[in-house]
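Notes follow once the structure below has been shown.
Sequence lines set the chain letters: A, B, ... in the order given, protein chains first and strands last, and positions in each chain run from 1. Predicted model, so just to flag it, every value in this text is computed and none were measured.
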Protein chains: 2
Amino acid sequence: MDKRSEQKAKTRIKLINAALELSSTKGFAALSLREVAQAAEIAPTAFYRHFRDMEELGLSLVDEIAVSLRRLLRNARKNSEAKDLSSLTRFSIETFIEYVNENANLFRLLLGERQGASDTFRAALRKEIDLFVVELSEDLDRLAVMQNQKLRHSGYAAEAIVTIVFTIGAEALDLPPFKQEALKIRIVEEVNMILRGARETSRVKTKR
Amino acid sequence: MDKRSEQKAKTRIKLINAALELSSTKGFAALSLREVAQAAEIAPTAFYRHFRDMEELGLSLVDEIAVSLRRLLRNARKNSEAKDLSSLTRFSIETFIEYVNENANLFRLLLGERQGASDTFRAALRKEIDLFVVELSEDLDRLAVMQNQKLRHSGYAAEAIVTIVFTIGAEALDLPPFKQEALKIRIVEEVNMILRGARETSRVKTKR
DNA sequence: CATCTCAGTGTACATACGTAAACTCACTCC
DNA sequence: GGAGTGAGTTTACGTATGTACACTGAGATG
């Protein structure tokens, strides 16, 4: 590869990381172009060689989130063979919390900017989350078949699960490791609740 | 009441509303003292007669959210007599969506600043949400008794429900009214899923 | 090798920021 | 009714912001 464009790519990454780093403490909306440039160790005006403005940088961050989420999904699937649903749930959530810890800044951005940010920004994030929900929904269906069970509207179940896991999981970010254990249990419990509720019981005990 | 402090209270409210208004588009963290003062139609330096800095204003906004949430809960309860659980769920969620629409800015702040903001800010919001969860949890218990049912860990159920309702409900903010109907159905469906999963079935079908 | 390209720099400017200080003047209070 | 109070204003400051413009110099190109 070009030595020139290689160097450019490097600074671009420096900018992205700087923005990620800074946004985790004060929120992306509060970042200034200059402070990002400074953190990336370039002159303010060099910023424009990479992005038109802060909004465009923001969209690149969303891309970053997107590939990161896909990696997460891929990893979770790879290790999900030949397990029963309950230990699979537990395992997936551990994978997830691990991911959250490793990508704290990305994750903070993902959740923090769902509200508040610009329309473009918000829409881009929504799209990524929806995609994640769809994938999980398909996994749930696949799994139900494998286990000879029926789920009703796995779509709703998936959305509910993603909402819970993402939102409660975000709290892990501010917690010391030893407290994260309790959090995991809470999440597992709640996800199981949803799965139980989604399961089509062979004969439901109706009161009347 | 004092004519003087009456006037002061009025400007204070103007400041709070201005901040609320502005924060809904760009996020609270991105607000400057000067623009809030300008929106409230006072000189920038008069801001200090009311708050030490923007952080203190923020905490007042959280207070505003707190009383607003309590009002919501009170209203929902007042109209919840003599209903079965499923229509009660539906009704509560309609009340909630109505509330969200009427307090759009407060609500955006509540959700948007859960991440991102300062520690004090975040902690204050967390406290309010937790309180809400506790109240809902008690309501669930009370209801279960009334209907002669058993719930397991209503606490988890309440947390899951609040998370779902708040997060998905927040999407209503960006939706035209005619699309909000579909959203309500989604929420109702997911909440019912959780409630079904939380219900202690008289005899659980265990595999082994 | 001469020339071109372009990521990054340095300087400059208008504008917005937070806040200190000294002020005004409608009000409260004795 | 005269003194004191305090919400709000005006002026002023040092600092940070976004961005235009002219530049440099290492690396690509023919």
Side-chain angles (χ1 to χ4, degrees), chain A residues 1-61 63-64 113 116-121, chain B residues 1-61 63-64 113 116-121:
Chain A
M1 197 201 194
D2 233 17
K3 197 167 175 185
R4 190 114 99 173
S5 44
E6 197 179 311
Q7 172 56 29
K8 182 171 184 185
K10 241 184 225 170
T11 3
R12 193 191 140 97
I13 290 172
K14 278 217 279 183
L15 276 169
I16 286 182
N17 285 337
L20 226 35
E21 180 82 20
L22 292 171
S23 74
S24 76
T25 34
K26 32 178 359 209
F28 180 80
L31 292 192
S32 76
L33 180 152
R34 281 181 107 109
E35 72 180 315
V36 174
Q38 188 176 26
E41 294 175 294
I42 61 170
T45 46
F47 179 96
Y48 297 106
R49 299 285 179 198
H50 301 270
F51 308 99
R52 185 201 315 281
D53 51 25
M54 285 297 291
E55 162 138 3
E56 201 173 287
L57 205 196
L59 292 180
S60 294
L61 291 186
D63 282 350
E64 208 75 7
E113 238 62 26
S118 79
D119 284 352
T120 346
F121 207 129
Chain B
M1 196 201 193
D2 234 17
K3 197 166 176 185
R4 192 114 98 170
S5 44
E6 196 178 311
Q7 173 55 30
K8 181 171 184 183
K10 243 184 223 169
T11 356
R12 192 191 140 96
I13 290 171
K14 278 217 278 184
L15 276 170
I16 286 182
N17 285 337
L20 226 35
E21 181 82 20
L22 291 171
S23 73
S24 76
T25 35
K26 28 169 20 200
F28 181 79
L31 292 191
S32 76
L33 181 154
R34 281 180 108 108
E35 71 180 315
V36 174
Q38 187 175 29
E41 296 175 294
I42 61 170
T45 46
F47 179 96
Y48 297 107
R49 299 284 179 197
H50 301 269
F51 308 99
R52 184 200 316 278
D53 51 25
M54 284 298 291
E55 161 137 3
E56 201 173 287
L57 205 196
L59 292 180
S60 295
L61 292 186
D63 282 350
E64 209 74 8
E113 239 62 27
S118 80
D119 284 352
T120 345
F121 208 129

For the residue pair [X] and [Y], what are the closest heavy atoms and their distance?
{"X": "Ala39(B)", "Y": "Ala18(B)", "value": "CB-CB, 3.7 Å"}
{"X": "Leu15(B)", "Y": "Ala40(B)", "value": "CD2-CB, 3.7 Å"}
{"X": "Leu31(B)", "Y": "Ala19(B)", "value": "CD1-O, 3.6 Å"}
{"X": "Ser32(A)", "Y": "Glu35(A)", "value": "N-OE2, 3.0 Å"}
{"X": "Ala46(A)", "Y": "His50(A)", "value": "O-CD2, 3.5 Å"}
{"X": "Phe28(A)", "Y": "Met54(A)", "value": "CZ-O, 3.4 Å"}

Inset, instruction - Assign Asp53(A) to base, sugar-phosphate, or nothing according to its heavy-atom contacts below 4.0 angstrom with the strands shown. - result: nothing
From [X] atom [atom1] to [Y] atom [atom2], the distance as rounded to the nearest 0.5 Å:
{"X": "Lys14(A)", "Y": "Asn17(A)", "atom1": "NZ", "atom2": "CG", "value": "10.5 Å"}
{"X": "Lys8(A)", "Y": "Ile13(A)", "atom1": "NZ", "atom2": "CD1", "value": "13.0 Å"}
{"X": "Leu57(B)", "Y": "Phe121(B)", "atom1": "CG", "atom2": "CZ", "value": "9.0 Å"}
{"X": "Ile16(B)", "Y": "Leu20(B)", "atom1": "CD1", "atom2": "CG", "value": "8.5 Å"}
{"X": "Thr45(B)", "Y": "Arg34(B)", "atom1": "OG1", "atom2": "CZ", "value": "8.5 Å"}

Whole-Å gap separating [atom2] ([N]) and [atom1] ([X]):
{"X": "Met54(A)", "N": "dT19(D)", "atom1": "CE", "atom2": "C1'", "value": "15 Å"}
{"X": "Asp2(A)", "N": "dC6(C)", "atom1": "CG", "atom2": "P", "value": "10 Å"}
{"X": "Arg52(B)", "N": "dA20(C)", "atom1": "CZ", "atom2": "C1'", "value": "16 Å"}

Inset, instruction - Taking the side chain as every heavy atom from C-beta outward, state whether Leu33(B) and Tyr48(B) have any atom pair closer than 4.5 Å. - result: yes
Heteroatom pairs (N/O) under 3.5 angstrom, protein to nucleotides 24-26 of chain C:
unit_1  : atom_1 : unit_2  : atom_2 : d
dA26(C) : N3     : Arg4(B) : NH1    : 3.3

Inset, instruction - Can you sort out the partners of Ser60(A) under side-chain hydrogen bond (donor to acceptor under 3.5 Å, both in side chains), two or more places apart, ordered by chain and number? - result: Arg12(A)
Legend entry - Sorted by number, the residues of residues 5-12 of chain B with heavy-atom contact under 4.0 Å to DNA chain D: Gln7(B), Lys8(B), Thr11(B)
Inset, instruction - Using a cut-off of 6.0 Å, state whether more than 12 heavy atoms not belonging to Gln38(B) lie near its atom CD. - result: no
Inset, instruction - Tell me which residues in residues 40-49 of chain A put a heavy atom below 4.0 Å from DNA chain C, sorted by number, or none. - result: Ile42(A), Ala43(A), Thr45(A), Ala46(A), Arg49(A)
Inset, instruction - Tell me which residues in residues 14-27 of chain B put a heavy atom below 4.0 Å from DNA chain C, sorted by number, or none. - result: none
Legend entry - Asp53(A) side chain vs Glu55(A) backbone, donor-acceptor pair below 3.5 Å: yes
All N/O pairs under 3.5 Å across the protein-nucleotides 13-17 of chain D interface:
unit_1  : atom_1 : unit_2   : atom_2 : d
dT17(D) : OP1    : Ser32(A) : OG     : 2.8

